[in-house]
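For reference, the structure is listed below as structure tokens.
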Amino acid sequence: MGIKAKWFTGIFLTLNALLHAQQNKIDTLRIYHIDEVTITSSKVSSKEIIPVQIMEGKQLEKLSVHSVADAIRYFSGVQIKDFGGIGGLKTVNIRSMGTNHVGIFYDGIELGNAQNGQIDLGRFSLDNMEAVSLYNGQRSAIFQSAKDFGSAGTVYLQSRIPRFNGNKQYNIRGNFKTGSFGVINPSVLWEQKLNERLSASLSSEYMYTTGRYKYRYKTTGGYDTTAVRKNGDVNSIRVESGLYGKINKGEWKGKAYFYHSERGLPGAMVRNKLFHEDRQWDTNLFIQSSFKKHFSDKYGLLVNGKYAYDYLHDPPDPNKDASLMYVENHYRQQEIYLSVANLYSFNKYWSASIALDYQWNKLDADLYKFPYPNRHTTLVSIASALNFEQFKLQASVLGTFVSDHVRTDTMSMENKKQITPTVVASWKPIRKTNFHLRGFYKNIFRMPTLNDLYYTFIGNIKLKPEFTNQYNLGFTYAPILQNKWLKNIELQADVYYNEVKNKIVAVPTSNQFRWTMMNLGMVEIRGLDIAIQTNWELPKQFSIDTRLTYTYQKAQDFTNPKEEYYGDQIPYIPWHSGSLIINASWQNWDVNYSFIYTGERYDQRANIPENYAPEWYTNDISLSRSFRIRNTLYRLTAEVNNLFNQQFEVVKCYPMPGTNYKFILTIQI
């Protein structure tokens, strides 16, 4: 801990020097923080014709969450797989279609993982995040890359963009978090105005935790004890830098991102084995840039580019039985991505776009007889939009062309090409009422990952793409209120039906160490999503914001009529789930309460008592106070998470923490 303590002390000595060296007489920081960052959801949703949920600015800051994955749990229609604790893998599943059908975009460009198709949302902190938004289907826009059309659901992460009030030339923000599990989590953000058209930002964050927490362990025979979760430590650092430019009728930006972590993998609590010693090292690096310009009232151009490098080292458990297979793997992924999108507006009602994307992926691994695959992917999208005052219509077609190349002594997947359409419509039946009906149909697929196709002893090069058909009908209602206290209310509801065909699953063979990937699945999902938001402004500077969500899903497995579990609910999908957020503000005080509920479900395909997973819920509460000393704004926050010490597992045999605490100091100038 000596090195960590010195590192932490150095950061905050540097921050302290900055605070005293750069004082500014303009007392506008608090106004900037609220008005420039926070956008009311009704203004956003009224422009969207596809279901969207957004959290941003101050709303994200007040939540008792550690990462992007924790924040997304408060959206309807979402399931988060959490493999335990702060350092556990966290992936998102939208409307039961599977993690691999979700596109994760960071500052407008998709995060890729050709190896296994899963992005760990736990490594993305909220300290530098301006907004998190979730779309079912795709964004309600046609001026975007072809990649934006290519997922069944999308999550957009928007990092902070520098904004400066008045004559300010810089913004500095420091954060320090500590609490249960030995957490030490400092971060620093510096935004600098270089001139009227150019600004830069630098953000860094360090996080350490022991990952040790108590949990209740039960056995089938009724043995019940309290154990301590071990080998869940995380030691990580994140550094980001950005450059932002404004040009005539356009803008450009560039970003460099670096993340490195070493973590323990605490493993599953099975066969009375409560301790594992597996470790994992991750290094993620990407450099990306975007250019957007409207050359005239009719023509616009968007260009995106990116290079990414990902390294994963997964060594074996040193205490593993020597008679078992010894596996120590190193994986290295590289990606090059380029996109060009064109928008042409025929008139103020009708516009069209065409986009061309190219992506190259390479995977290296030190596995026996590994084929070292290279994947070339070309995507072409053609889209058109009609925008009238009360009616909007969008239609798009995406062409995807994939070619894999492997070393000469190995067979590769045949070249794939698919054409997939989408149609979206919105209607405002009454001109003076903010009530919108909407619907969409989307057909999309996901390619087998490189692991699915080429992983040693497991891959199957004859796999077919996994297709989804999505149907959605819904409405948004945000009445114009004249109420003295109730300033805003918005209701959003959607019913949907999804199909997942040719689902890719792993099935065992005659050898315990040899599995194979096959197209077996057929899943039908019927669901209902409801979200309600309100904003109250009461006397004496007292305000209350609320957000309530509810999801019902019936996700049935119709793979094989001869199987006993034909028509059963698929694993880990609850029939009922929901969340509630209440935030109360008075002068410089904030109290935030949040509640998450996940109903009963099953952890295997067969819905039998042995596979039953009980419901779970958590209650979190936080108290914050802001105050100013000279020209510096301070904010102190105390949080209690899992207030009633609920013992639960999101994924079977991966126990989650009980009651835990966190304290946060934020400094802004």
Side-chain angles (χ1 to χ4, degrees), residues 1 3-19 33 37 57 60-72 85-90 104 106-107 111 119-132 157-162 170-192 200-211 232-242 255-263 280-288 310 635 637 639 662-669:
M1 289 297 294
I3 295 176
K4 300 179 182 70
K6 290 178 181 178
W7 190 95
F8 159 69
T9 303
I11 278 192
F12 272 81
L13 286 175
T14 303
L15 177 60
N16 187 61
L18 291 170
L19 295 177
H33 181 66
V37 177
L60 284 175
E61 181 181 323
K62 293 175 181 178
L63 279 180
S64 301
V65 294
H66 299 276
S67 67
V68 168
D70 297 327
I72 291 177
I86 296 177
L89 174 68
K90 297 174 175 62
I104 310 294
Y106 193 72
D107 287 348
L111 298 169
I119 303 297
D120 182 8
L121 292 175
R123 69 181 176 92
F124 293 97
S125 169
L126 293 175
D127 283 351
N128 188 41
M129 206 66 63
E130 186 169 279
V132 178
L157 312 178
Q158 177 61 58
S159 63
R160 285 173 59 103
I161 298 176
Y170 65 90
N171 297 313
I172 300 174
R173 172 177 173 146
N175 234 5
F176 175 64
K177 302 175 184 177
T178 187
S180 301
F181 324 129
V183 169
I184 297 177
N185 185 198
S187 63
V188 178
L189 171 68
W190 188 335
E191 300 173 336
Q192 186 70 44
S201 69
L202 177 64
S203 172
S204 65
E205 179 182 13
Y206 172 80
M207 201 272 280
Y208 172 80
T209 175
T210 64
D233 61 294
V234 181
N235 199 331
S236 68
I237 185 169
R238 171 188 61 84
V239 180
E240 297 182 53
S241 63
K255 176 176 284 290
Y257 176 95
F258 172 82
Y259 175 86
H260 176 76
S261 71
E262 175 191 350
R263 68 186 66 198
Q280 179 174 307
W281 282 261
D282 293 275
T283 299
N284 307 99
L285 167 70
F286 67 76
I287 301 171
Q288 65 183 41
D310 298 289
R635 181 180 177 88
T637 302
E639 297 180 359
K662 185 166 62 175
F663 303 94
I664 306 171
L665 169 63
T666 303
I667 305 173
Q668 300 183 62
I669 60 173

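Quick caveat: nothing in here was measured; it's all calculated off a predicted structure.
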| task | Taking the side chain as every heavy atom from C-beta outward, state whether Ile669 and Tyr170 have any pair of such atoms under 4.5 Å apart. | result | yes

| With sequence neighbours excluded, what pairs up with Ser261 under the side chain to side chain contact (heavy atoms under 4.5 Å, CB included) test? | Ser236, Tyr259, Arg263, Asp282

| query | Got Val68 and Leu126 here, is their nearest side-chain heavy-atom distance under 4.5 Å? | reply | yes

| request: Take Asn185 and Lys662 through the side-chain contact (heavy atoms from CB on, under 4.5 Å) test and state the conclusion after the steps. | output: CA-CA 10 Å; Asn185 185 198; Lys662 185 166 62 175; over 6 Å; no

| message | Donor-acceptor pair, distance only, cut-off 3.5 Å: does the side chain of Asn171 make one with the backbone of Gln192? | response | no

| message | With rounding to the nearest 0.5 angstrom, report the CG to OH distance, Asn235 to Tyr208. | response | 7.0 Å

| said: Walk me through whether Asp127 and Leu189 qualify under side-chain contact (heavy atoms from CB on, under 4.5 Å). | reply: CA-CA 9 Å; Asp127 283 351; Leu189 171 68; over 6 Å; no

| field | Nearest-0.5 Å distance, CD of residue Glu130 to CG of residue Leu60 | value | 10.0 Å

| message | I'd like to check Glu240 versus Asn128 (side-chain heavy atoms, cut-off strictly below 4.5 Å). Are they in contact? | response | yes

| said: Quick one: does any side-chain atom of Ser241 pair with a main-chain N or O of Leu202 as donor and acceptor, under 3.5 Å? | reply: no

| task | Take Asp107 and Gln158 through the side-chain contact (heavy atoms from CB on, under 4.5 Å) test and state the conclusion after the steps. | result | CA-CA 5 Å; Asp107 287 348; Gln158 177 61 58; 3.3 Å; yes

| About how many Å separate CD of Gln280 and CD of Glu262, when rounded to the nearest 0.5 Å? | 10.5 Å

| request: To the nearest 0.5 angstrom, please state how far the OG atom of Ser159 sits from the NZ atom of Lys255. | output: 3.5 Å

| task | Would you mind telling me which of Leu111, Thr283, Asn284 makes a side chain to side chain contact (heavy atoms under 4.5 Å, CB included) with Asp310? | result | Asn284

| request: To the nearest 0.5 angstrom, please state how far the CG atom of Leu665 sits from the NZ atom of Lys177. | output: 12.0 Å

| Worked check of side-chain contact (heavy atoms from CB on, under 4.5 Å) between Tyr106 and Met129 | CA-CA 10 Å; Tyr106 193 72; Met129 206 66 63; 3.8 Å; yes

| With sequence neighbours left out, what residues match Thr666 under side chain to side chain contact (heavy atoms under 4.5 Å, CB included)? | Arg173, Asn175, Arg635, Ile664, Gln668

| query | Closest heavy-atom contact between Leu157 and Phe124? | reply | CD1-CG, 4.2 Å

| field | Spacing of CZ belonging to Phe258 relative to CD1 belonging to Ile287, to within rounding of 0.5 Å | value | 12.0 Å

